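These notes are about the structure you will find just below.
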Amino acid sequence: MQDRKHTPVKELLTSTEVDREVTVKGWVRTKRGNSFVQFIALNDGSTINNIQVVADMTKFSEEELKQVTTGAAVGVTGTLVKSTGAGQTVEIQATQVFVYGVADPEKFPLQPKKHSLEFLREIAHLRFRTSTFSAVFRIRHALTFAIHKFFNDRGFYNIHSPIITGSDAEGAGEIFRVTLLNAKNPPLKEDGTVDYSQDFFGKETNLTVSGQLEAELGALALSKVYTFGPTFRAENSNTSRHLAEFWMIEPEVAFADINDNMTLAQDMLVSVVKYILENCEDDLKFLSGRLLDEEKSKPEAERSPLELIEKLKFVTENDFVRLTYTEAIEILRESKPNKKKQFNYLINEWGADLQSEHERFLVEKHFKKPVILYNYPAAIKAFYMKQNDDGKTVAAMDILFPGIGEIVGGSQREEVYEKLHRRITEVGIEEKSLWWYLETRQFGTVPHAGFGLGFERLMMFVTGMTNIRDVIPFPRFPKNAEF
RNA sequence: UCCUUCUUAGCUCAGCUGGUUAGAGCACAUGACUGUUAAUCAUGGGGUCGCUGGUUCAAGUCCAGCAGAGGGAGCCA
């Protein structure tokens, strides 16, 4: 059995070539039946669907199949035949069953029934074995591939930006320090502060919060680049939309402005969602059903108006709304919830930072489609963003998605040395730490733009999962680094 | 970090204004049944009621602290 070549379940289920001997290897989902015939639902992760193995009990002893329990790893050889039952078109009439690894039914935590996502999160080492999570992670792979394909097709180069960096320059959040110094007794300088010159890198280092600055360096030579890698934020964020370790896609394009940037982001989102619609139909159907099921227990007002696949098609078939921050403020100021004082933060004047309630109003109530907001007040945005001629806004843009909020944040970058330098001083960043970034504005600087896409946020949208901890295999968040 | 709800069997949950031996469904074990689809039916085993302390004759139930989880908010992607 161990030597025998086996066929993926996915292949067998779509096979029209029956009455031939086949071998499958996978994990048992359920076994049921009686003393005359037993049915084993086998899954090998190649598809959401199981293949049904039929064991005629005149050919097998009870003892032989005793270890074939939910969770056990087995190999089966038999004849692929048309099924006489209703649930499947083909099945395997077993001639030989081999148990690779048992799963004690008293102890194996997964049952052939619904488990709460919270419980499965506690057994993340086994949750791949469930239909929901195998579907989610197959889609995660497909989405990764679709993103690389999109950029490759458009002539972008993938840049591997460093994970350990010496700059926390972006100010994008709290950093995770990387050090080999003895935490209990670090070397000290004369003034009593830690002497990082004795550390591994000879300076303070941390895990990256963004690959953007490095991507810019690449774009100013290769014209079109993107990064796709893990980023780390030590924020004490306890929400269903934040992780301490998450994956980010950051394209950067030379000779491009804020409008090109918005078009690129929209094209990318439409393209990758289309790819998933075309290539992950079975998994999407399952997740759509799961979502509908879950929403049944919610009050009608909170249910989403579209089911998952319709929601994805809606994004690929409709234009995103583009409006300036200033226009958004006008709409919000005149909106019903603002006049009736239903917002927790009322919009009174230009310059206010938008809260999630405002973003949700625009996306879910007012426009009912993805919204791109651009030209934000400089005061509420990062130092590297292109300062507009009006003297008060920067060429920044955010893409807001229904149910998820901000999925993309980007901008045209400030390419003029003097303006960038002045901004760095204003914000109080140490110029020395960014000498290399500033230098690119002195040697062949050009207008350029890029954005950051939170991969897990996109995963949430595509899979309909509502907690970000369920779209990454092993989530990292405050008080948890298990597995 | 803030607000709020929750923590009872392997899982999902019930347990009233504190009062005998803490319940159900599923799962598991045993048995029955000639093709099941989360199979069905019968029987059975399974609990330090999150942890620590307090109030009380008496605490799963009331109070306090701690820990963890869910939802919302902030920070953001």
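Everything numeric in this text was worked out from a predicted model, so none of it was measured. Just so it is clear: chains get the letters A, B, ... in the order the sequence lines come, proteins before strands, and each one is counted from 1.
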Is A:Glu62 salt-bridged to A:Lys66, going by a charged N under 4.0 Å from an acidic O?
->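 So A:Glu62 does not pair with A:Lys66 through a salt bridge.
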
Can you check the [X] [atom1] to [N] [atom2] distance for me, whole Å?
X	N	atom1	atom2	result
A:Phe232	B:rC75	CZ	C1'	19 Å
A:Arg241	B:rG70	CZ	P	14 Å
A:Asn467	B:rG72	CG	P	9 Å
A:Asp104	B:rC28	CG	P	11 Å

Integer angstrom distance from the P of B:rU40 to that of B:rC2 =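 Per the computed distance, 48 Å lies between those P atoms.
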
Strand-adjacent residues in residues 117-139 of chain A, judged by heavy atoms under 4.0 Å from RNA chain B =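 Residues of residues 117-139 of chain A that come under 4.0 Å of RNA chain B are, in numerical order, A:Glu118, A:Phe119, A:Arg121.
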
Examine the side chains of A:His242 and A:Thr239 and answer whether a donor and an acceptor come within less than 3.5 Å of each other.
->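 Distance-only check passes for A:His242 and A:Thr239.
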
Would you be so kind as to tabulate the donor-acceptor pairs closer than 3.5 Å made by side chains of residues 458-466 of chain A, with sequence neighbours excluded?
unit_1	atom_1	unit_2	atom_2	d
A:Thr463	OG1	A:Met459	O	2.7
A:Thr463	OG1	A:Met465	N	3.3

For nucleotides 31-47 of chain B, 5' to 3', base contacts (B), sugar-phosphate-only contacts (S) and non-contacts (-) with protein non-hydrogen atoms under 4.0 Å give --BSBBBSB--------

Residue that, paired with A:Phe151, satisfies ring pair (Phe, Tyr, Trp, His ring centres under 6.0 Å) out of A:Phe156, A:Tyr157, A:Phe228, A:Phe145 =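 With A:Phe151 as partner, A:Phe156, A:Tyr157, A:Phe228, A:Phe145 yield a single ring pair (Phe, Tyr, Trp, His ring centres under 6.0 Å), made by A:Phe156.
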
A:Asn206 side chain to A:Val178 backbone, donor-acceptor under 3.5 Å =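 Judged by distance alone, no pair lies under 3.5 Å.
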
When you measure from the side chain of A:Asn236, which nucleotide among B:rU1, B:rG70, B:rA27 comes out closest?
->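 So the side chain of A:Asn236 is nearest to B:rU1.
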
Out of B:rC28, B:rG71, B:rG74, which has the shortest distance to the side chain of A:Thr239?
->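 Nucleotide nearest to A:Thr239's side chain: B:rG74.
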
Look at the side chain of A:Ser237 and the base of B:rC75, then say whether one donor and one acceptor between them are separated by less than 3.5 Å.
->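 Side chain to base: pair found, below 3.5 Å.
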
Has the side chain of A:His115 got a donor or acceptor that lies under 3.5 Å from a partner of the other kind on the base of B:rC11?
->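 By the distance-only test, no, there is no pair.
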
B:rC28 pairs with which nucleotide, Watson-Crick or G-U wobble, both distances below 3.5 Å?
->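 Pairing partner: B:rG44.
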
With a 3.5 angstrom cut-off on both distances, give the Watson-Crick or G-U wobble partner of B:rA67, or none if there isn't one.
->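 Checking every strand shown, B:rA67 finds its partner in B:rU7, with both distances under 3.5 Å.
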
